[in-house]
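Below: the structure, in structure tokens.
What you see is a predicted model; the values in this text were computed from it and never measured.
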Amino acid sequence: MRKIVLGVGLALALTDGAANAAFAFETRCGGHAIACYDRMRVPPAYATRTYPVLVNPAWREVIASPPVVAHVAVPVLVRPGRWRTLVRPPVYGTRMERVVVAPPIREYEIVPPITRRVEKTITTRGGIVWERRRDIFGRERLCKVVVGLRRRTVVREVVVRPARHILHTSPAVYGIAPAPVLLRPASAVRVYEPPVRAVIGRTVLAQPSAIGIIPHPATVGIARERVLVRPAGYAWVRTPGN
């Protein structure tokens, strides 16, 4: 840029002198001219400039990890150990023995007494007795009568043989029948039952869900640009041969 400015200044400085020389002389560099310069068209000058360019900005990637579930076998206690009392019932057998089918029977027979009619004449002393009478009209009348000695016949029942009880005994009836026999009495035994365990499948969380962040740096590229270094214009160029 300094060279361009210097050249332009030089060109401007020489412009006046060249103009005076052109007016003073008709031929180029004739007469007493020391040097001659021609005004020429100067094309624009370009250069290539490189600079960094942001292609992609920096960003962060979020990655969510799902939980990890595992299936494991877990031992569990189904029933704890315990003591139990086992009762053994008695054991019976059978044997044949003589038994009473019907017990003895005792019956009493009642024999009535034997009686006989006996007539006997008795004499009663006299005295005063009361007699019941009725008059001609049918009315009852009680009369006091004096009586002397009288004889009368009295009939009586005489027991010849009194009543009695006769015992009749029937013997017992026996037979053969089965009878239970205790072979072993009842007993109680304590027995220990060990615990019962089992294995069941359960789903457990092996790893919880997580969120990861991955940083991604920015992407920077190199851009090339053609820039104008010197615009088009005019410059004074020394005439060849001078």
Side-chain angles (χ1 to χ4, degrees), residues 58-125 129-130 132 140 142 151-217:
W59 59 287
R60 294 187 302 173
E61 182 181 3
V62 179
I63 300 177
S65 301
V68 178
V69 178
H71 298 279
V72 297
V74 180
V76 295
L77 181 63
V78 177
R79 189 191 66 201
R82 60 181 181 179
W83 286 92
R84 290 185 57 192
T85 302
L86 298 179
V87 178
R88 296 178 179 177
V91 178
Y92 291 92
T94 304
R95 70 178 180 182
M96 306 302 291
E97 62 180 13
R98 187 169 178 261
V99 296
V100 177
V101 178
I105 300 174
R106 301 179 65 183
E107 295 180 348
Y108 288 91
E109 180 185 358
I110 300 176
V111 179
I114 300 174
T115 61
R116 186 179 59 181
R117 292 174 64 89
V118 177
E119 294 181 359
K120 183 178 181 182
T121 301
I122 62 174
T123 301
T124 60
R125 288 186 295 174
V129 296
W130 296 91
R132 291 179 181 274
E140 188 177 5
L142 188 61
R151 291 181 181 272
R152 60 174 179 168
T153 302
V154 179
V155 179
R156 294 186 305 172
E157 292 286 337
V158 178
V159 178
V160 178
R161 188 178 62 184
R164 56 180 178 169
H165 294 77
I166 301 176
L167 177 61
H168 299 282
T169 303
S170 299
V173 179
Y174 294 91
I176 303 299
V181 179
L182 180 62
L183 301 180
R184 187 186 66 191
S187 61
V189 179
R190 287 183 58 83
V191 178
Y192 177 74
E193 294 182 354
V196 178
R197 303 180 184 274
V199 178
I200 62 174
R202 286 185 179 176
T203 302
V204 297
L205 182 63
Q207 180 180 348
S209 59
I211 297 178
I213 298 177
I214 301 177
H216 294 273

> Would Arg202 and Val76 count as a side-chain contact (heavy atoms from CB on, under 4.5 Å) if you check the C-alpha gap in whole Å, the side-chain angles of each, and the deciding distance to 0.1 Å?
Replying inline: CA-CA 11 Å; Arg202 286 185 179 176; Val76 295; 4.1 Å; yes
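To the nearest 0.5 Å, atoms CD1 (Ile63) and CD1 (Ile211) are separated by 11.5 Å. Note that CD of Glu107 and NE2 of His168 are 8.0 Å apart. Values are rounded to the nearest 0.5 Å. For the atom pair CZ (Arg156) and NZ (Lys120), the distance works out to 5.0 Å, reported to the nearest 0.5 Å. The structure places OG1 of Thr153 at 6.5 Å from CD of Glu119, a figure rounded to the nearest 0.5 Å. To the nearest 0.5 Å, atoms CZ (Arg184) and CZ (Arg88) are separated by 6.0 Å. With rounding to the nearest 0.5 Å, the separation of CZ in Arg164 from CD1 in Ile110 is 12.5 Å.
Heavy-atom minimum distance, Leu183 versus Gly93: CG-N, 3.6 Å. The two atoms that bring Val101 and Gly175 nearest to each other are CG2-N, 3.4 Å, heavy atoms only. Closest non-hydrogen pair, Pro215 versus Ile213, comes out as CD-O, 3.6 Å. Nearest heavy atom pair, residue Val118 against residue Val158, reads CG2-CG2, 3.3 Å. Nearest heavy atoms, Gly81 versus Tyr192: CA-OH, 3.7 Å.
Comment: Glu157 does not engage Arg116 in a salt bridge, judged by the lack of any side-chain N to carboxylate O separation of less than 4.0 angstrom.
Residue-environment remark: CZ (Arg79) exceeds the threshold of 12 foreign heavy atoms within 6.0 Å. Other residues, nucleotides and ligands contribute more than 12 heavy atoms inside 6.0 Å of the CZ atom of Arg190. Residue Arg117 places its CZ atom among 12 or fewer non-hydrogen atoms of other residues, nucleotides or ligands, all under 6.0 Å distant.
Counting heavy atoms from C-beta on, the side chains of Ile176 and Glu97 never come closer than 4.5 Å.
Between Tyr108 and His165, the ring planes are perpendicular. Angles over 60° get that label, and only those under 30° would be called parallel.
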